[in-house]
Trainee: 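There's a structure below that I have some questions on.
Note that the structure is a prediction, hence the values are computed from the model and not measured. The figures here come from the full heavy-atom set of this structure, side chains too, leaving out hydrogens, waters and symmetry mates.
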Amino acid sequence: MDEQAPLLGARAGAIARGRARPHAAGIDDRPFLPHWMGVLMPAIGSLAVLDLTLPGTHDTLTYDLATAVSQGANGVTSLPHGYALSACLHALNWLGVTAIGSLIRPQSRTQRLTVAEQLDAGIRFLDIRAVYTAAPSIWEHGCGRSRDWYGLHFLQTRRPLREYLGQIADWMRAHPQELIVMWVSYHGDAEATGTEQYPAYIGGAERAQLWQTMTEIFSGLLFNSAESDVAQTPLQTAIARGHRIVVYMSDYELITGNSPLALDARTIDNKSNMDFEKLETSRDKILDRARDPNARAAYKAAGRFWLQSLAGDSFNGREGSAIPARILDGAGLGCVSAPLRRKISAKLEIQGMGAAWAPTALEDCGQLMNYYNQMLIETMLTDGLAFPNAIYLDGVGHGGLICTGIDHAVVDSGCLCAADVLATADVPHRDVGYAYVATLAAANLKTALLMHPSPACSALLRRVAVQRAEHPLRCWEDPDRGRHRSWPELSPARKSAALLTRQPVAQQPCNANVEARDAAN
């Protein structure tokens with residue numbers, strides 16, 4: 001195993017979180033990750049919000065999901081009698097039946113860090129999903145009969161949304177040179193409004209309550225579009241004005257009443273997830289857009305926020321294959337069977353995957369996708385391609401890393417049974433990560449160098465290079481767990497189909513030096 005591999009999961013506390021280092025005279029030497037915008041301000045201060053590239057998290061609040069299915073749960077309310085069904089599932093938790101939620105939670109959780117830890121790790125784009133529902137338990141938050149806004153990903157968060165917003169506000173007040181962008185929606189739809197956005201039982205008064213809560217908690221921090229412009233106002237000016245939380249609100253008119261303290265989420269261009277079953281196509285679409293030299297300028301001229309999801313689809317959840325496996329584990333009837341693993345792996349069509357391992361939880365899917373996301377992000381940086389205004393994805397760890405191994409399994413006994421944990425305990429590169437935040441910080445410096453070059457840029461680029469070098473692109477060959485040194489080759493069936501319709505997808509190997517070093521370990 002590479003001796004420099006970062007330690008995540010059970011050993012996350014051992015990671016130094018952007019520790020300060022000696023630098024050239026005049027360069028800010030505060031811990032980098034919690035203060036990266038302030039540290040880079042001499043170079044990026046002249047950029048507007050729509051010039052920036054922000055590292056983000058997908059389904060930001062899912063680290064703290066309860067075992068309660070939310071009233072109005074996404075994916076249920078669209079069904080016949082969907083609200084009644086979600087209310088019945090929610091009531092089961094009140095009655096102490098938590099097994100259903102415990103089995104669903106691994107298919108809903110995408111993050112492990114708290115929102116404050118995410119911000120400390122350098123995350124500056126937050127994906128907040130919200131719903132108006134009763135408390136998760138009759139014993140929590142009073143009698144549990146009063147409703148409030150909660151975080152959502154089919155299950156609801158343990159605590160009301162206002163508590164997480166308060167943690168964000170506290171963090172922002174303690175870091176006065178940082179700016180964040182926050183998108184608030186029901187389930188990640190920028191365009192929908194009214195009952196197409198939130199379930200019909202959530203009326204105008206409840207929607208207005210959400211905005212009132214946010215304006216009270218974020219008082220003195222919200223970006224005011226009557227005074228500042230995301231396309232024109234320099235970052236340092238916006239921060240000096242106290243305009244440091246940019247809120248994009250889905251169902252903007254009904255919720256905010258056209259308040260200048262929020263922006264309409266319909267101005268977000270949210271590019272869809274990476275798709276396991278169309279991995280090469282998804283990658284090529286992203287790279288083709290990034291190669292367009294006019295892409296960023298066009299988005300900025302239109303006042304649109306270019307958002308790119310690199311979260312992996314939970315294909316096993318769509319196919320329903322992971323839930324039966326969870327039921328078997330929860331009932332104590334055995335581990336995930338080899339035939340079931342083989343079925344899940346076959347859906348991915350990654351060469352070499354068999355029955356040894358399969359992504360049976362959403363975090364597994366996210367970390368497998370992150371393994372290939374690191375190649376994509378590194379290619380965009382080293383080739384000088386255009387970055388979106390924000391990237392958001394799953395599995396962000398301490399140190400601003402994205403998890404590319406399978407580390408979460410050893411700290412979540414609910415994901416794998418004891419035999420599975422023992423089988424993965426000695427897997428090489430089990431707890432590896434890639435310098436996601438530092439790489440996007442480098443992308444911002446390159447933008448600044450092109451648009452508003454300053455003497456500070458070179459020294460700051462050297463500092464960011466040190467951060468990136470600690471956790472570089474690292475690739476290895478582990479086909480059993482879906483990891484290859486290059487983008488996965490097509491399965492024989494898909495390769496034949498691809499040859500009939502288009503030229504084969506060119507492979508994107510890892511950096512040769514990285515390959516050579518890892519081959520020696």
Trainee: Before accepting this row, confirm whether a basic side-chain N of the pair Glu253/Arg266 lies closer than 4.0 Å to the acidic partner's carboxylate O.
Mentor: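 So Glu253 pairs with Arg266 through a salt bridge.
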
Trainee: Is there a side-chain contact between Ile402 and Leu393 (heavy atoms, below 4.5 Å)?
Mentor: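 Result yes, sub-4.5 Å side-chain heavy-atom pair found.
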
Trainee: What's the verdict on side-chain hydrogen bond (donor to acceptor under 3.5 Å, both in side chains) for Thr110 and Thr62, showing C-alpha distance, side-chain angles and the deciding distance?
Mentor: CA-CA 6 Å; Thr110 66; Thr62 56; 3.0 Å; yes

Trainee: So does Arg481 pair up with Asp478, basic N to acidic O under 4.0 Å?
Mentor: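 Salt bridge between Arg481 and Asp478, a charged N being under 4.0 Å from a carboxylate O: yes.
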
Trainee: Test Tyr436 against Gln374 for side-chain hydrogen bond (donor to acceptor under 3.5 Å, both in side chains), laying out the working first.
Mentor: CA-CA 8 Å; Tyr436 168 54; Gln374 65 172 339; over 6 Å; no

Trainee: Apply side-chain hydrogen bond (donor to acceptor under 3.5 Å, both in side chains) to residues Gln156 and His90 and explain how you reach the verdict.
Mentor: CA-CA 10 Å; Gln156 65 191 83; His90 181 88; 3.1 Å; yes

Trainee: Scan side-chain atoms only and decide if Trp171 and Asp120 contain a donor-acceptor pair under the 3.5 Å cut-off.
Mentor: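 Asp120 and Trp171 do have a side-chain donor-acceptor pair below 3.5 Å.
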
Trainee: Between Tyr299 and Trp306, does the ring centroid distance fall short of 6.0 Å?
Mentor: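 Centroid distance Tyr299-Trp306: below 6.0 Å, so yes.
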
Trainee: Which residue is it: Ile217, Leu119, Val115? I am looking for the one with a side chain to side chain contact (heavy atoms under 4.5 Å, CB included) to Gln167.
Mentor: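 Result: among Ile217, Leu119, Val115, Val115 is the only option passing the side chain to side chain contact (heavy atoms under 4.5 Å, CB included) with Gln167.
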
Trainee: For the CE atom of Met353 and the NE2 atom of His484, what is their distance to the nearest 0.5 Å?
Mentor: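 Interatomic distance, Met353 CE to His484 NE2, rounded to 0.5 Å: 8.5 Å.
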
Trainee: Run the side-chain hydrogen bond (donor to acceptor under 3.5 Å, both in side chains) test against Tyr252 and tell me which residues pass, sequence neighbours left out.
Mentor: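 Scan of Tyr252 (side-chain hydrogen bond (donor to acceptor under 3.5 Å, both in side chains), adjacent residues dropped) gives none.
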
Trainee: With a 4.0 Å cut-off on N to O distance, would you call Lys285 and Asp288 a salt bridge?
Mentor: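 Not counted as a salt bridge, because no side-chain N and carboxylate O are separated by less than 4.0 Å.
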
Trainee: Could you list all the salt bridge (Lys or Arg N to Asp or Glu O under 4.0 Å) pairs where at least one residue sits in residues 205-221, not counting sequence neighbours?
Mentor: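 As it turns out, the salt bridge (Lys or Arg N to Asp or Glu O under 4.0 Å) pairs with a partner in residues 205-221, which skip direct neighbours, are Arg207-Asp251.
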
Trainee: Between the side chain of Gln118 and the main-chain N/O of Thr60, is any donor-acceptor distance below 3.5 Å?
Mentor: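 Yes.
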
Trainee: Below 30° counts as parallel, above 60° as perpendicular, anything between as tilted: where do the rings of Tyr392 and His58 land?
Mentor: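 Taking His58 first and then Tyr392, their aromatic rings stand perpendicular (interplane angle over 60°).
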
Trainee: Quick check on Glu196: does its CD atom have over 12 non-hydrogen neighbours (other residues, nucleotides or ligands) under 6.0 Å away?
Mentor: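 No.
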
Trainee: Salt bridge check, Arg124 against Glu178: does any charged N sit closer than 4.0 Å to a carboxylate O?
Mentor: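 So Glu178 pairs with Arg124 through a salt bridge.
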
Trainee: According to the salt bridge (Lys or Arg N to Asp or Glu O under 4.0 Å) rule, which pairs have a member within residues 77-87, sequence neighbours left out?
Mentor: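 For residues 77-87: none.
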
Trainee: Judged by modelled atom types alone, do Arg129 and Thr157 share a side-chain donor-acceptor pair under 3.5 Å?
Mentor: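 Judged by distance alone, the side chains do not pair up.
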
Trainee: Is the Tyr83 to Tyr201 ring centre distance short of 6.0 Å?
Mentor: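 Tyr83 vs Tyr201: aromatic centres under 6.0 Å.
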
Trainee: Does the ring centre of Trp149 sit less than 6.0 Å away from the ring centre of Tyr164?
Mentor: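 For Tyr164 and Trp149, the ring centres are not under 6.0 Å apart.
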
